[in-house]
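To keep things clear, I will list the structure first and then write my remarks on it.
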Amino acid sequence: MSSTVKASPSNNFRPKLNFLYGGSGISFGSRVNVALSKPRVPEVLCMSTPTTTTTQHQVTPMSKHNDVAILVNGCTGNMGKAVISAAYSAGLHIVPVSFGSTEEAGQMVEVCGKDILVHGPSDKESVLASVFDEHPNMIVVDYTVPAAVNDNAELYSKVGVPFVMGTTGGDRDRLYKIAENSKVYAVISPQMGKQVVAFLATMEIMAEQFPEAFSGYSLQVLESHQAGKLDTSGTAKAIISCFRKLGVSFDMDQIQMIRDPKKQIEMLGVPEEHVPGHAFHMYHLKSPDQIVSLKFQDNVCGRSIYAEGTVDAVLFLSKKVKSKAGKRIYNMIDVLREGNMR
Ligand SMILES: NC(=O)C1=CN([C@@H]2O[C@H](COP(=O)(O)OP(=O)(O)OC[C@H]3O[C@@H](n4cnc5c(N)ncnc54)[C@H](OP(=O)(O)O)[C@@H]3O)[C@@H](O)[C@H]2O)C=CC1
Ligand SMILES: O=C(O)C1=N[C@H](C(=O)O)C[C@H](O)C1
(Lines give C-alpha, C1' and ligand atoms only; values in the text may rest on other atoms or scores of the structure.)
(Ligands and ions follow the chains in the order given, each with its own letter.)
Protein backbone atom coordinates (compact mmCIF):
# COMPACT_ATOMS: atom_id res chain seq x y z
CA MET A 1 0.00 0.00 0.00
CA SER A 2 1.55 3.30 -0.92
CA SER A 3 0.80 6.46 0.94
CA THR A 4 -0.15 9.78 -0.47
CA VAL A 5 0.11 13.12 1.20
CA LYS A 6 -2.50 15.23 -0.46
CA ALA A 7 -1.91 18.76 -1.55
CA SER A 8 -3.61 21.67 0.08
CA PRO A 9 -3.13 25.32 -0.71
CA SER A 10 -3.33 26.20 2.97
CA ASN A 11 0.42 25.93 3.54
CA ASN A 12 0.89 28.74 1.08
CA PHE A 13 -1.23 31.09 3.09
CA ARG A 14 0.56 34.30 3.95
CA PRO A 15 0.60 35.19 7.63
CA LYS A 16 -1.31 38.19 8.85
CA LEU A 17 0.65 40.04 11.48
CA ASN A 18 -1.10 42.83 13.30
CA PHE A 19 0.30 45.14 15.89
CA LEU A 20 -2.78 46.90 17.20
CA TYR A 21 -2.65 49.89 19.47
CA GLY A 22 -6.23 50.19 20.78
CA GLY A 23 -8.70 47.69 19.34
CA SER A 24 16.54 8.50 8.09
CA GLY A 25 17.20 3.85 6.41
CA ILE A 26 19.30 0.84 7.66
CA SER A 27 16.67 -1.77 6.78
CA PHE A 28 13.33 -1.42 5.12
CA GLY A 29 9.92 -2.27 6.49
CA SER A 30 6.29 -2.08 5.50
CA ARG A 31 4.85 1.00 3.83
CA VAL A 32 1.95 2.74 5.46
CA ASN A 33 -0.53 5.28 4.39
CA VAL A 34 0.12 8.31 6.55
CA ALA A 35 -3.37 9.57 6.05
CA LEU A 36 -4.80 6.29 7.38
CA SER A 37 -2.69 6.26 10.53
CA LYS A 38 -3.89 9.67 11.71
CA PRO A 39 -5.82 12.33 9.88
CA ARG A 40 -3.77 15.48 9.65
CA VAL A 41 -5.33 18.53 8.12
CA PRO A 42 -4.34 20.62 6.35
CA GLU A 43 -2.06 18.37 4.29
CA VAL A 44 1.17 19.57 2.69
CA LEU A 45 1.39 21.01 -0.75
CA CYS A 46 4.67 19.85 -2.34
CA MET A 47 5.57 23.13 -3.95
CA SER A 48 7.88 21.98 -6.70
CA THR A 49 9.21 18.72 -8.06
CA PRO A 50 12.87 19.29 -8.95
CA THR A 51 14.75 16.56 -10.83
CA THR A 52 15.89 13.95 -8.33
CA THR A 53 18.48 11.19 -8.03
CA THR A 54 17.64 8.54 -5.46
CA THR A 55 19.96 6.13 -3.61
CA GLN A 56 19.18 4.01 -0.59
CA HIS A 57 19.72 6.79 1.93
CA GLN A 58 19.20 10.01 0.06
CA VAL A 59 16.83 11.84 -2.19
CA THR A 60 18.66 14.62 -3.97
CA PRO A 61 16.95 17.54 -5.61
CA MET A 62 19.20 19.36 -8.08
CA SER A 63 19.90 22.74 -6.54
CA LYS A 64 22.35 25.08 -4.88
CA HIS A 65 21.64 23.76 -1.40
CA ASN A 66 22.10 20.08 -2.16
CA ASP A 67 25.27 19.99 -0.03
CA VAL A 68 23.04 20.32 3.03
CA ALA A 69 21.16 17.26 4.23
CA ILE A 70 18.29 17.24 6.70
CA LEU A 71 16.69 14.51 8.69
CA VAL A 72 13.23 15.51 9.84
CA ASN A 73 12.16 13.92 13.09
CA GLY A 74 8.44 13.74 13.37
CA CYS A 75 8.11 13.41 9.59
CA THR A 76 4.45 12.38 9.66
CA GLY A 77 3.40 15.34 11.75
CA ASN A 78 1.98 18.55 10.37
CA MET A 79 5.21 20.49 10.75
CA GLY A 80 7.38 17.54 9.69
CA LYS A 81 5.54 17.37 6.38
CA ALA A 82 5.58 21.14 5.90
CA VAL A 83 9.35 21.26 6.51
CA ILE A 84 10.05 18.37 4.11
CA SER A 85 8.06 20.18 1.44
CA ALA A 86 9.85 23.50 2.01
CA ALA A 87 13.29 21.83 2.25
CA TYR A 88 12.66 19.90 -0.95
CA SER A 89 11.66 23.10 -2.74
CA ALA A 90 14.83 24.77 -1.46
CA GLY A 91 16.89 21.90 -2.85
CA LEU A 92 18.13 20.34 0.39
CA HIS A 93 18.87 16.61 0.61
CA ILE A 94 16.08 14.90 2.50
CA VAL A 95 17.58 11.97 4.40
CA PRO A 96 14.85 9.33 4.24
CA VAL A 97 15.01 8.39 7.89
CA SER A 98 12.92 9.46 10.87
CA PHE A 99 12.12 8.22 14.36
CA GLY A 100 8.91 7.20 16.06
CA SER A 101 7.29 4.88 18.56
CA THR A 102 7.86 1.10 18.84
CA GLU A 103 4.60 0.57 16.96
CA GLU A 104 5.75 2.77 14.09
CA ALA A 105 9.22 1.12 13.83
CA GLY A 106 9.91 -0.30 10.39
CA GLN A 107 7.12 1.61 8.71
CA MET A 108 7.84 3.32 5.43
CA VAL A 109 5.92 6.55 5.02
CA GLU A 110 5.68 8.69 1.95
CA VAL A 111 5.93 12.43 2.33
CA CYS A 112 6.01 14.62 -0.76
CA GLY A 113 6.84 11.63 -2.94
CA LYS A 114 9.70 10.53 -0.68
CA ASP A 115 9.73 7.18 1.12
CA ILE A 116 10.96 7.73 4.66
CA LEU A 117 11.79 4.83 6.99
CA VAL A 118 10.69 5.29 10.57
CA HIS A 119 12.93 3.73 13.22
CA GLY A 120 11.77 2.88 16.72
CA PRO A 121 13.32 3.95 20.01
CA SER A 122 15.43 0.79 20.53
CA ASP A 123 18.00 1.44 17.76
CA LYS A 124 17.71 5.21 17.41
CA GLU A 125 21.22 6.06 18.61
CA SER A 126 23.00 3.52 16.38
CA VAL A 127 20.81 4.49 13.41
CA LEU A 128 21.40 8.21 13.87
CA ALA A 129 25.17 7.68 14.28
CA SER A 130 25.26 5.57 11.12
CA VAL A 131 23.25 8.07 9.09
CA PHE A 132 25.38 10.98 10.37
CA ASP A 133 28.47 9.01 9.35
CA GLU A 134 27.01 8.72 5.87
CA HIS A 135 25.92 12.40 5.78
CA PRO A 136 28.45 14.41 7.83
CA ASN A 137 26.78 17.61 6.58
CA MET A 138 23.44 16.58 8.10
CA ILE A 139 21.23 18.65 10.35
CA VAL A 140 18.31 17.18 12.26
CA VAL A 141 15.07 19.12 12.41
CA ASP A 142 12.82 18.22 15.31
CA TYR A 143 9.08 18.79 15.22
CA THR A 144 7.78 16.12 17.55
CA VAL A 145 5.95 16.49 20.86
CA PRO A 146 6.76 18.35 24.07
CA ALA A 147 7.31 15.07 25.97
CA ALA A 148 10.06 14.08 23.50
CA VAL A 149 12.05 17.34 23.51
CA ASN A 150 14.60 16.48 26.21
CA ASP A 151 15.21 12.84 25.18
CA ASN A 152 15.56 13.86 21.54
CA ALA A 153 17.98 16.68 22.40
CA GLU A 154 19.99 14.15 24.42
CA LEU A 155 20.07 11.80 21.42
CA TYR A 156 21.26 14.47 18.97
CA SER A 157 23.79 15.81 21.49
CA LYS A 158 25.19 12.35 22.26
CA VAL A 159 25.68 11.62 18.55
CA GLY A 160 26.93 15.19 18.02
CA VAL A 161 24.62 15.96 15.14
CA PRO A 162 23.61 19.64 14.80
CA PHE A 163 19.90 20.19 15.29
CA VAL A 164 17.11 22.69 14.87
CA MET A 165 14.62 22.27 17.68
CA GLY A 166 11.25 23.65 16.67
CA THR A 167 9.29 21.55 19.11
CA THR A 168 7.93 23.49 22.03
CA GLY A 169 7.64 22.48 25.67
CA GLY A 170 9.64 19.99 27.66
CA ASP A 171 12.08 21.23 30.27
CA ARG A 172 13.58 24.20 28.42
CA ASP A 173 16.35 24.82 30.98
CA ARG A 174 17.38 21.17 30.67
CA LEU A 175 17.22 21.43 26.88
CA TYR A 176 19.75 24.28 26.85
CA LYS A 177 21.98 22.51 29.42
CA ILE A 178 22.03 19.29 27.35
CA ALA A 179 22.97 21.21 24.20
CA GLU A 180 25.53 23.45 25.90
CA ASN A 181 27.26 20.61 27.75
CA SER A 182 27.64 18.52 24.60
CA LYS A 183 29.00 21.44 22.55
CA VAL A 184 26.68 20.50 19.70
CA TYR A 185 25.54 23.18 17.23
CA ALA A 186 21.84 24.00 17.53
CA VAL A 187 19.12 26.51 16.74
CA ILE A 188 16.42 26.37 19.37
CA SER A 189 13.27 28.44 19.04
CA PRO A 190 9.60 28.04 19.93
CA GLN A 191 8.83 30.33 17.00
CA MET A 192 10.35 29.89 13.53
CA GLY A 193 8.15 32.33 11.63
CA LYS A 194 10.59 35.12 10.91
CA GLN A 195 8.11 37.98 10.90
CA VAL A 196 6.82 36.87 14.30
CA VAL A 197 10.44 36.44 15.45
CA ALA A 198 11.06 40.06 14.39
CA PHE A 199 8.18 41.08 16.68
CA LEU A 200 9.74 39.02 19.51
CA ALA A 201 13.11 40.69 18.87
CA THR A 202 11.43 44.10 19.07
CA MET A 203 9.88 43.15 22.39
CA GLU A 204 13.29 42.01 23.69
CA ILE A 205 14.84 45.33 22.64
CA MET A 206 12.00 47.26 24.28
CA ALA A 207 12.42 45.27 27.51
CA GLU A 208 16.16 45.89 27.49
CA GLN A 209 15.89 49.61 26.75
CA PHE A 210 12.81 50.48 28.80
CA PRO A 211 12.78 48.13 31.78
CA GLU A 212 9.78 48.64 34.05
CA ALA A 213 8.05 50.85 31.41
CA PHE A 214 4.77 49.03 32.07
CA SER A 215 5.14 48.67 35.78
CA GLY A 216 1.70 48.32 37.37
CA TYR A 217 0.01 47.50 34.10
CA SER A 218 -2.16 44.40 33.94
CA LEU A 219 -1.80 41.90 31.10
CA GLN A 220 -4.26 39.58 29.46
CA VAL A 221 -2.91 36.91 27.08
CA LEU A 222 -4.98 34.74 24.82
CA GLU A 223 -3.62 32.19 22.36
CA SER A 224 -5.56 30.08 19.88
CA HIS A 225 -4.17 26.98 18.09
CA GLN A 226 -5.52 23.84 16.39
CA ALA A 227 -7.18 21.47 18.86
CA GLY A 228 -4.33 18.92 18.57
CA LYS A 229 -1.76 21.28 20.10
CA LEU A 230 -0.60 19.64 23.31
CA ASP A 231 0.98 22.52 25.20
CA THR A 232 0.61 26.21 25.90
CA SER A 233 2.13 28.39 23.24
CA GLY A 234 5.92 28.66 23.52
CA THR A 235 5.75 31.93 21.60
CA ALA A 236 3.35 33.44 24.11
CA LYS A 237 5.70 32.40 26.93
CA ALA A 238 8.66 34.10 25.21
CA ILE A 239 6.72 37.34 24.68
CA ILE A 240 5.44 37.27 28.27
CA SER A 241 9.05 37.02 29.52
CA CYS A 242 9.60 40.40 27.84
CA PHE A 243 6.48 41.91 29.42
CA ARG A 244 7.76 40.74 32.80
CA LYS A 245 11.04 42.59 32.21
CA LEU A 246 8.88 45.60 31.35
CA GLY A 247 7.45 45.48 34.85
CA VAL A 248 4.29 43.47 34.29
CA SER A 249 3.40 40.83 36.80
CA PHE A 250 2.02 37.72 35.04
CA ASP A 251 2.01 33.95 35.72
CA MET A 252 2.26 31.64 32.72
CA ASP A 253 -0.80 29.77 33.96
CA GLN A 254 -2.83 32.93 33.37
CA ILE A 255 -2.52 32.39 29.61
CA GLN A 256 -5.94 31.70 28.14
CA MET A 257 -5.71 28.80 25.67
CA ILE A 258 -8.41 28.47 23.06
CA ARG A 259 -8.63 25.04 21.39
CA ASP A 260 -12.36 24.97 20.64
CA PRO A 261 -13.01 25.35 16.88
CA LYS A 262 -16.40 27.00 17.43
CA LYS A 263 -14.92 29.72 19.65
CA GLN A 264 -12.01 30.12 17.24
CA ILE A 265 -14.31 30.85 14.34
CA GLU A 266 -16.99 32.85 16.15
CA MET A 267 -14.98 34.79 18.74
CA LEU A 268 -11.60 35.17 17.10
CA GLY A 269 -12.43 35.14 13.42
CA VAL A 270 -10.15 32.23 12.56
CA PRO A 271 -10.97 31.36 8.94
CA GLU A 272 -12.74 27.98 8.99
CA GLU A 273 -10.25 26.39 6.60
CA HIS A 274 -7.42 27.30 9.00
CA VAL A 275 -8.96 25.94 12.18
CA PRO A 276 -6.74 22.78 11.76
CA GLY A 277 -3.61 24.93 11.41
CA HIS A 278 -3.40 28.39 12.91
CA ALA A 279 -1.69 30.34 15.69
CA PHE A 280 -3.24 33.54 17.00
CA HIS A 281 -1.61 35.34 19.92
CA MET A 282 -3.14 38.37 21.62
CA TYR A 283 -1.56 40.47 24.35
CA HIS A 284 -3.56 43.23 26.04
CA LEU A 285 -1.98 45.66 28.47
CA LYS A 286 -4.05 48.00 30.64
CA SER A 287 -2.93 50.81 32.92
CA PRO A 288 -3.80 50.53 36.61
CA ASP A 289 -6.61 53.09 36.14
CA GLN A 290 -7.79 51.28 32.98
CA ILE A 291 -7.62 54.42 30.88
CA VAL A 292 -4.61 53.39 28.77
CA SER A 293 -4.70 50.22 26.74
CA LEU A 294 -2.19 48.65 24.32
CA LYS A 295 -2.85 45.56 22.20
CA PHE A 296 -0.34 43.41 20.31
CA GLN A 297 -1.53 40.61 18.07
CA ASP A 298 -0.07 38.13 15.57
CA ASN A 299 -2.43 35.99 13.51
CA VAL A 300 -0.78 33.19 11.51
CA CYS A 301 -2.78 30.87 9.27
CA GLY A 302 -1.16 27.71 7.86
CA ARG A 303 2.40 26.53 8.57
CA SER A 304 4.50 27.76 5.65
CA ILE A 305 5.93 30.66 7.68
CA TYR A 306 7.49 28.17 10.15
CA ALA A 307 8.60 25.72 7.46
CA GLU A 308 10.38 28.47 5.50
CA GLY A 309 11.99 29.83 8.67
CA THR A 310 13.14 26.32 9.54
CA VAL A 311 14.88 25.97 6.17
CA ASP A 312 16.64 29.28 6.82
CA ALA A 313 17.64 28.07 10.28
CA VAL A 314 19.08 24.89 8.72
CA LEU A 315 21.09 26.87 6.14
CA PHE A 316 22.28 29.26 8.86
CA LEU A 317 23.34 26.41 11.14
CA SER A 318 25.06 24.61 8.30
CA LYS A 319 27.23 27.72 7.72
CA LYS A 320 28.06 27.93 11.42
CA VAL A 321 29.12 24.27 11.48
CA LYS A 322 31.24 24.64 8.33
CA SER A 323 32.97 27.76 9.65
CA LYS A 324 33.51 26.07 13.04
CA ALA A 325 31.91 29.11 14.75
CA GLY A 326 32.77 29.60 18.41
CA LYS A 327 29.17 30.19 19.42
CA ARG A 328 27.16 26.99 19.18
CA ILE A 329 23.67 27.57 20.51
CA TYR A 330 21.52 30.01 18.52
CA ASN A 331 17.96 31.22 18.37
CA MET A 332 15.90 32.58 15.49
CA ILE A 333 16.81 36.17 16.31
CA ASP A 334 20.42 35.19 15.53
CA VAL A 335 19.19 33.83 12.19
CA LEU A 336 17.43 37.13 11.40
CA ARG A 337 20.45 39.18 12.46
CA GLU A 338 22.58 37.39 9.86
CA GLY A 339 20.33 38.86 7.21
CA ASN A 340 18.13 35.85 6.73
CA MET A 341 14.96 37.93 6.59
CA ARG A 342 13.48 36.99 3.20
N1 LIG B 1 8.91 26.55 16.49
C2 LIG B 1 7.85 26.78 15.71
O3 LIG B 1 7.79 27.76 14.98
C4 LIG B 1 6.72 25.83 15.69
C5 LIG B 1 6.68 24.85 16.62
N6 LIG B 1 5.69 23.92 16.56
C7 LIG B 1 5.76 22.88 17.54
O8 LIG B 1 6.25 21.69 16.90
C9 LIG B 1 5.70 20.55 17.56
C10 LIG B 1 5.03 19.64 16.52
O11 LIG B 1 3.90 20.33 15.99
P12 LIG B 1 2.96 19.64 14.90
O13 LIG B 1 3.75 19.14 13.75
O14 LIG B 1 1.86 20.57 14.68
O15 LIG B 1 2.42 18.38 15.74
P16 LIG B 1 1.87 17.00 15.20
O17 LIG B 1 1.12 16.38 16.32
O18 LIG B 1 1.18 17.19 13.90
O19 LIG B 1 3.19 16.14 14.89
C20 LIG B 1 4.02 15.59 15.89
C21 LIG B 1 4.68 14.36 15.30
O22 LIG B 1 5.68 13.86 16.18
C23 LIG B 1 5.56 12.43 16.23
N24 LIG B 1 6.19 11.96 17.46
C25 LIG B 1 5.67 11.87 18.69
N26 LIG B 1 6.61 11.44 19.57
C27 LIG B 1 7.74 11.25 18.86
C28 LIG B 1 9.07 10.81 19.19
N29 LIG B 1 9.40 10.47 20.45
N30 LIG B 1 10.00 10.73 18.20
C31 LIG B 1 9.67 11.07 16.93
N32 LIG B 1 8.42 11.48 16.55
C33 LIG B 1 7.49 11.57 17.51
C34 LIG B 1 4.06 12.20 16.14
O35 LIG B 1 3.77 10.86 15.76
P36 LIG B 1 2.40 10.17 16.31
O37 LIG B 1 1.31 11.04 15.88
O38 LIG B 1 2.42 8.81 15.65
O39 LIG B 1 2.56 10.12 17.79
C40 LIG B 1 3.70 13.19 15.06
O41 LIG B 1 3.95 12.65 13.76
C42 LIG B 1 4.79 21.10 18.66
O43 LIG B 1 5.51 21.19 19.86
C44 LIG B 1 4.46 22.50 18.16
O45 LIG B 1 4.11 23.38 19.16
C46 LIG B 1 4.71 23.96 15.61
C47 LIG B 1 4.70 24.94 14.68
C48 LIG B 1 5.70 25.97 14.64
O1 LIG C 1 1.83 24.22 17.69
C2 LIG C 1 1.82 25.15 16.84
O3 LIG C 1 1.10 25.15 15.83
C4 LIG C 1 2.69 26.30 17.10
N5 LIG C 1 3.54 26.25 18.09
C6 LIG C 1 4.47 27.27 18.44
C7 LIG C 1 4.17 27.79 19.81
O8 LIG C 1 3.81 27.00 20.71
O9 LIG C 1 4.33 28.99 20.04
C10 LIG C 1 4.58 28.36 17.41
C11 LIG C 1 3.28 28.71 16.76
O12 LIG C 1 2.46 29.29 17.70
C13 LIG C 1 2.62 27.46 16.17
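In listed order, ligands and their atoms are each counted from 1.
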With no hydrogens and no angle check, is any side-chain donor or acceptor of [X] less than 3.5 Å from a backbone partner on [Y]?
| X | Y | result |
| --- | --- | --- |
| Ser224 | Gln264 | no |
| Asn150 | Asp171 | yes |
| Asp289 | Ile291 | yes |
| Gln226 | His278 | yes |
| Tyr185 | Ala325 | yes |
| Ser189 | Asn331 | no |
| Arg328 | Lys183 | yes |

Does [X], backbone or side chain, put an N or O under 3.5 Å from an N or O of ligand 1?
| X | answer |
| --- | --- |
| Gly80 | no |
| Glu104 | yes |
| Thr167 | no |
| Thr76 | yes |
| Gly166 | yes |

Legend entry - Close approach of Gly169 to ligand 1, heavy atoms, under 4.0 angstrom: no

Legend entry - Sub-4.0 Å heavy-atom contact, Gly228 with ligand 1: no

Legend entry - Side chain, backbone, both or neither: the part of His281 lying under 4.0 Å from ligand 2 by heavy atom: side chain

Inset, instruction - Can you measure from NE2 (His225) to CG (Asp231) and round to the nearest 0.5 angstrom? - result: 8.5 Å

Legend entry - Between NE2 on residue His135 and CD1 on residue Ile70, distance to nearest 0.5 Å: 12.0 Å

Counting non-hydrogen protein atoms only, what is the nearest one to [atom]? Give residue, atom name and distance.
| atom | result |
| --- | --- |
| atom 9 (O) of ligand 2 | Thr235 OG1, 2.6 Å |
| atom 13 (C) of ligand 2 | Tyr306 OH, 3.5 Å |
| atom 3 (O) of ligand 2 | Gln226 NE2, 2.8 Å |
| atom 12 (O) of ligand 2 | His225 NE2, 2.6 Å |

Inset, instruction - Using side chain to side chain donor-acceptor pair (under 3.5 Å) as the criterion, point out the one residue from Thr168, Thr310, Thr167 that pairs with Tyr143. - result: Thr310

Heavy-atom contacts with [X] under 4.0 Å: which atoms of ligand 1 show up? List them by number with element.
| X | value |
| --- | --- |
| Ala148 | 29 (N) |
| Met192 | 1 (N), 2 (C), 3 (O) |
| Lys229 | 45 (O) |
| Phe99 | 30 (N), 31 (C), 32 (N) |
| Ser189 | 1 (N) |
| Val145 | 25 (C), 26 (N) |

Legend entry - Basic-acidic side-chain contact under 4.0 Å: Lys322, Asp67: yes

Inset, instruction - May I ask you to decide whether Glu223 forms a salt bridge with Arg259, counting only side-chain N to carboxylate O separations under 4.0 Å? - result: yes

Just jot down the ligand 2 atoms closer than 4.0 angstrom to any heavy atom of [X], in number order.
| X | answer |
| --- | --- |
| Thr168 | 6 (C), 7 (C), 8 (O) |
| Ala279 | 11 (C), 12 (O), 13 (C) |
| Lys229 | 1 (O), 2 (C), 5 (N), 7 (C), 8 (O) |
| Gln191 | 10 (C), 11 (C) |

Legend entry - Part of Asp151 with heavy atoms under 4.0 Å of ligand 1, whether side chain, backbone, both or neither: neither

Legend entry - ligand 1 versus Ser98: contacting region, heavy-atom distance under 4.0 Å: neither

Legend entry - Side-chain donor-acceptor contact under 3.5 Å, Glu154 with Ser157: no

Inset, instruction - Would you tell me whether Thr144 and Asn73 have side-chain atoms, one donor and one acceptor, within less than 3.5 Å of each other? - result: no

Inset, instruction - Pick, from Gly193, Pro190, Gly166, Gly234, the option with the minimum heavy-atom distance to atom 6 (C) of ligand 2. - result: Pro190

Inset, instruction - Take Phe250 and Ile255 through the side-chain contact (heavy atoms from CB on, under 4.5 Å) test and state the conclusion after the steps. - result: CA-CA 9 Å; Phe250 192 89; Ile255 300 172; 3.8 Å; yes

